[in-house]
Chemist: 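Here it is, the structure, as structure tokens.
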Amino acid sequence: MAVFMTAIFISVPTLAQQNREADELVKAMIEASKTLNYSGLVTYEKAGRLKTSKMLHLIRENNIFEQLIHLDGPAGQFSWRRIDENCGLGRAQGAEAGALSTLDSSSFKRLTASYSFEIRGQSRVAGREATSLLLKPKDNFRLPYFVAIDNQSNLMLMSVILNQVGKPLERFQFVEIQVGGDLDSMSIDDAGVNVEDSCAIESAQQPLDDWTVGWVPPEFFLTDAEKEPLTGQSIMSFTDGLSAFTVFIESVQTSKKIPPFTFNQGATTAVSSKLKYKGDEFTVSVVGEIPTDSAKKIVQSVGHSSKQSQLP
Amino acid sequence: MGQYDEQLGESLSALMDGESSDLDTRRVLKELALEDSQNAMLMRDKWRRYHSVSSVMKGEAVSRIDYSADIARAIGDEAVFKVNPLVKILSSSGRFAIAASVALVAVLGVQQFNQSAGLPDDTAGFAYVDETSVEGLVGPVNQFPAGWALSEELQVRTVSADSVEKNTYSEQDARAYLAYVLAKHSSKAPYVRSQGMLPYARVEKRTTITDQE
């Protein structure tokens, strides 16, 4: 009996060990996304629909080049090159610095503030052995993620967003992936590609001076804020390092065409509401991979800096 | 000739022509089963005559010798190969064993498939089709895209002072706006999360962004 018990204690890793392993896995995944070149076929599934895309991710010094081509349905190609230099942490005012790019060393700390990690066994994705990991939210304001991380490269091969009772809402999954090899020496053809300077974006991480978002779920922070001078539209983006949502405040003119609504498809929620300010009616919309209740609460918290705004 | 005999004759004729119904066939077979009955003998004669006439019309050779009784007797004298009950049980159990092993392979296969997925929950299942968002669609809301539900505040507003604006909402505008905010959000998301370009997979097409910008 004693031998049996000893065997159990030896073979079953302690909770602390498991947590450490899960933490290391997340850190390795973050590092892999920043350093490895990879390309592959990825499926995206939501609400009973399946889409297939081809993806390319190349790292060249401080440049990250990414391309995604839709292989079915309406044609679509998205290419991006990002200059991802260290612009000096803390440069941005009113927003957390270093929140950009994919994930960085501080991303791990952010993730641990909002999610707990649990290793959920071994799986096989895109013909590769992978470790399944559950990222469980620490509150009800965000959604759980179930991911599969490649045992060999530590790249994320699958990402499933679940609802709060554990049902899959949407799934990204590689069906084939190539890591390194020819991709490491492949030249980047980025003619006509959008180039974003992360430093430039970082400097734009300032709250807008007219509209404010009074409440966001804990650990969500502003990553981008812009005001469209022609249309008068204001956009603010937030993330907790994993989930993201965007707040839109439409001009009076545009608002006249938009009914208040709620929309759910896959993991994406959109909630649109009306806000009155100085007799004018504005449309406030929140779109993101967050629970509908969180989106509604965020919408309700949007106001004008002058605090004269009110819900109709 | 009685009515029954007449019907029997018609049934036999139909059987001869290959146009008999089930009823005709049953009627003829039933009568032939009564081997010594007058009807049975008459029918056998008639059957033979019909075939003789048919053969003559086709220019085939017609034999006057009736082999039918000899053939029937020969068949009757044929040794019957009885199946050993034990063999019968074993053979059927063999079939059962094959079926069972196929079922076992299927079950093991499915279990192995499930295990290979390694997912403790039902995350391996297909992504959830959200039906609740459609449930709330009543009345004029039906004109909006699937997944939409107009807010309660709209109904409050439409019966209050701004009822004129109710009619300014068109399906086209609503769809365009929804497509726009979804695309715009997805285009923002890559900067702020671990999934890189993956959120772009959510975008239906590039034009949804540029059209609005």
Side-chain angles (χ1 to χ4, degrees), chain A residues 30 33 42 44-48 51 53 55 57 66 68 74-78 99-100 102-103 120-124 132 146 156 159-160 162-163 166-172 201 223-224 237 239 242 244 246 248 256-266 268 270 273-274 285 287-288 312, chain B residues 116-130 132-133 136 144-154 156-157 160 162 165-166 168-170 173-174 176-178 181-182 184-207 213:
Chain A
I30 292 169
S33 73
V42 64
Y44 170 61
E45 180 209 338
K46 72 164 179 183
K51 284 166 68 180
S53 305
M55 192 177 166
H57 176 99
E66 288 177 313
L68 188 133
Q77 176 172 324
F78 306 90
L100 297 164
T102 48
L103 285 166
R120 304 297 285 262
Q122 294 295 305
S123 59
R124 196 162 164 271
S132 300
F146 190 87
M156 190 179 69
S159 165
V160 185
L162 311 170
N163 67 9
K167 293 272 180 196
L169 294 173
E170 69 167 36
R171 181 199 321 270
F172 290 110
I201 298 170
T223 57
D224 188 17
S237 300
T239 185
L242 190 65
T246 309
F248 298 84
K256 286 177 183 168
K257 298 179 185 175
I258 307 162
F261 63 86
T262 59
F263 171 84
N264 286 290
Q265 200 173 76
T268 308
S273 186
K274 298 289 179 183
S285 303
V287 184
Chain B
S116 70
L119 308 181
D121 309 311
D122 56 354
T123 49
F126 282 105
Y128 182 62
V129 179
D130 189 6
T132 53
S133 58
F144 292 104
W148 280 70
L150 293 193
S151 304
E152 287 174 12
E153 63 190 82
L154 176 71
V156 173
R157 209 167 65 92
S160 64
D162 296 330
E165 288 191 18
K166 174 190 172 187
T168 63
Y169 302 138
S170 75
D173 287 342
Y177 181 70
L178 179 67
V181 290
L182 291 176
K184 190 78 178 174
H185 163 70
S186 294
S187 71
K188 292 275 176 195
Y191 294 110
V192 295
R193 68 167 86 198
S194 57
Q195 297 175 352
M197 290 289 284
L198 288 180
Y200 274 114
R202 292 194 185 101
V203 183
E204 287 298 329
K205 53 179 180 176
R206 178 70 184 167
T207 49
E213 284 178 342

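Every chain is numbered from 1 and lettered A, B, ... according to where its sequence line falls, protein lines coming before strand lines.
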Chemist: With rounding to the nearest 0.5 angstrom, report the CZ to OH distance, A:Phe261 to B:Tyr177.
Modeler: 6.0 Å
Chemist: Working to the nearest 0.5 angstrom, can you tell me the gap between A:Ser285 OG and B:Lys184 NZ?
Modeler: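 Atom-to-atom, A:Ser285:OG and B:Lys184:NZ are 14.0 Å apart.
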Chemist: Restricting to non-hydrogen atoms, name the atom on B:His185 and the atom on A:Thr246 that form the minimum distance, rounded to 0.1 Å.
Modeler: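 Scanning both residues, the minimum pair turns out to be ND1-OG1, 2.7 Å.
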Chemist: Between atom CG of B:Asp173 and atom NZ of A:Lys256, what is the distance when rounded to the nearest 0.5 Å?
Modeler: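 The distance works out to 13.5 Å.
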Chemist: Of the non-hydrogen atoms in A:Phe248 and B:Val181, which two are nearest, and what is the gap between them?
Modeler: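 Nearest pair, atom of A:Phe248 first, then B:Val181: CZ-O, 3.7 Å.
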Chemist: Should A:Val287 and B:Leu182 count as side-chain neighbours, where that means a heavy-atom distance under 4.5 Å?
Modeler: yes
